[in-house]
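Taking it in order: structure first as C-alpha cells, then the write-up.
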Amino acid sequence: MAKRYWLVKSDPATFGLAELAASPERTTRWDGVRNYQARNHLRDDMQPGDGVLFYHSQSDPPAVVATAKVVGAGYPDPTQFDRKSPGHEPRAKPDQPVWYAVDIQLDEVLGRPVTLSEMRDEAGLRQMVLLRKGSRLSVQPVSAAEWRIVIALGSRRPGAGKGKVRAES
DNA sequence: GCCAACGTTGGC
DNA sequence: GCCAACGTTGGC
C-alpha cells in the first residue's frame with residue numbers, strides 16, 4: 001500500500017513535542033483516542049512508514065511543530081482495560097477491544113512551527129480536514145500535496161516571504 | 001428513531 | 001473565560 005499521511009493533535013499541556021522528544025527511541029504509544037472515526041484510522045488505515053504531522057492544539061499559537069512516522073500497525077489500546085485509567089472502557093474485553101492505538105516515532109522537528117492561521121491562508125490547504133469548520137477529529141488524513149506544502153512552509157526561514165514558496169537567489 | 005441534554009474539544 | 005460545534009447518551 002502506498003504511503004499515507006496523517007495529522008495527530010496533541011495538547012502540549014498534557015503531552016507535546018517535548019514529551020515525544022524525550023520518550024525512549026523518541027517513540028510513544030498514541031493512545032487514549034475515544035472517537036470512532038479516529039479509532040477506525042488507528043485500527044484500519046495507519047501503516048508502518050506513514051507520515052504524521054504532529055500538531056499542537058490549545059496552544060498559542062496552534063501549529064504543526066514536527067513530523068513523526070507510524071512505526072507499527074494499530075493494536076488494542078491497553079488503557080481501555082485498565083480500571084484506573086480515565087480511558088477505561090467497561091464494554092471492552094481483551095478479545096473484543098473497542099479502542100486502538102498506534103506507535104509513532106518523532107522524525108523531524110520543523111524548522112519553524114506552521115501555524116493554524118498560516119495554513120488557513122494557504123490556497124493549497126483549503127481542503128485540509130484540520131481547517132474545516134468545527135473539525136475536532138484528533139487523528140485525521142492528510143493528502144500528499146497537503147503534506148508537501150506544510151513541510152515546505154515549516155522548512156522555510158522565518159521572514160522569507162509570504163504566500164507561495166519560491167526560489168531564492 | 002427522534003431529539004434534548006450533556007460533556008468535551010479547541011480556537012479565540 | 002467564552003462559546004460554537006461536535007459526539008454521545010438516554011428518555012420517550
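The sequence lines fix the lettering, A, B, ..., with proteins before strands; numbering per chain opens at 1.
Residues Phe81(A) and Pro97(A) approach most closely at CZ-CB, 4.1 Å, considering heavy atoms. Considering all non-hydrogen atoms of both residues, Leu17(A) and Val109(A) come closest at CD2-CG1, 4.0 Å.
Here the nucleotide nearest the side chain of Leu116(A), chosen from dG10(B), dG11(B), dA5(C), is dG11(B). Of the candidate nucleotides dA5(C), dT8(C), dG11(B), dT8(C) has the atom lying nearest to any side-chain atom of Tyr36(A).
Between Phe54(A) and Trp6(A), the ring centre distance reaches or exceeds 6.0 Å.
Counting to the nearest Å, the C1' atom of dT9(B) and the NZ atom of Lys9(A) are 8 Å from each other. The nearest whole Å value for the distance from the CE atom in Met128(A) to the P atom in dG11(B) is 12 Å. Atom-to-atom, CG of Asp60(A) to P of dG1(C) comes out at 16 Å; the value is rounded to the nearest Å. The distance between atom CG of Leu131(A) and atom P of dC12(B), rounded to the nearest whole Å, is 10 Å. dG7(C) atom P lies 7 Å from atom CD of Gln37(A), rounded to whole Å. Taking atom NZ on Lys133(A) and atom C1' on dC6(C), their separation rounds to 12 Å, with Å as the unit. To the nearest angstrom, C1' of dG11(B) lies 12 Å from CZ of Arg136(A). Arg132(A) has its CZ atom 16 Å from the P atom of dG10(B), to the nearest Å.
With hydrogens and angles left out, the side-chain atoms of Thr79(A) and Arg34(A) include a donor and acceptor closer than 3.5 Å.
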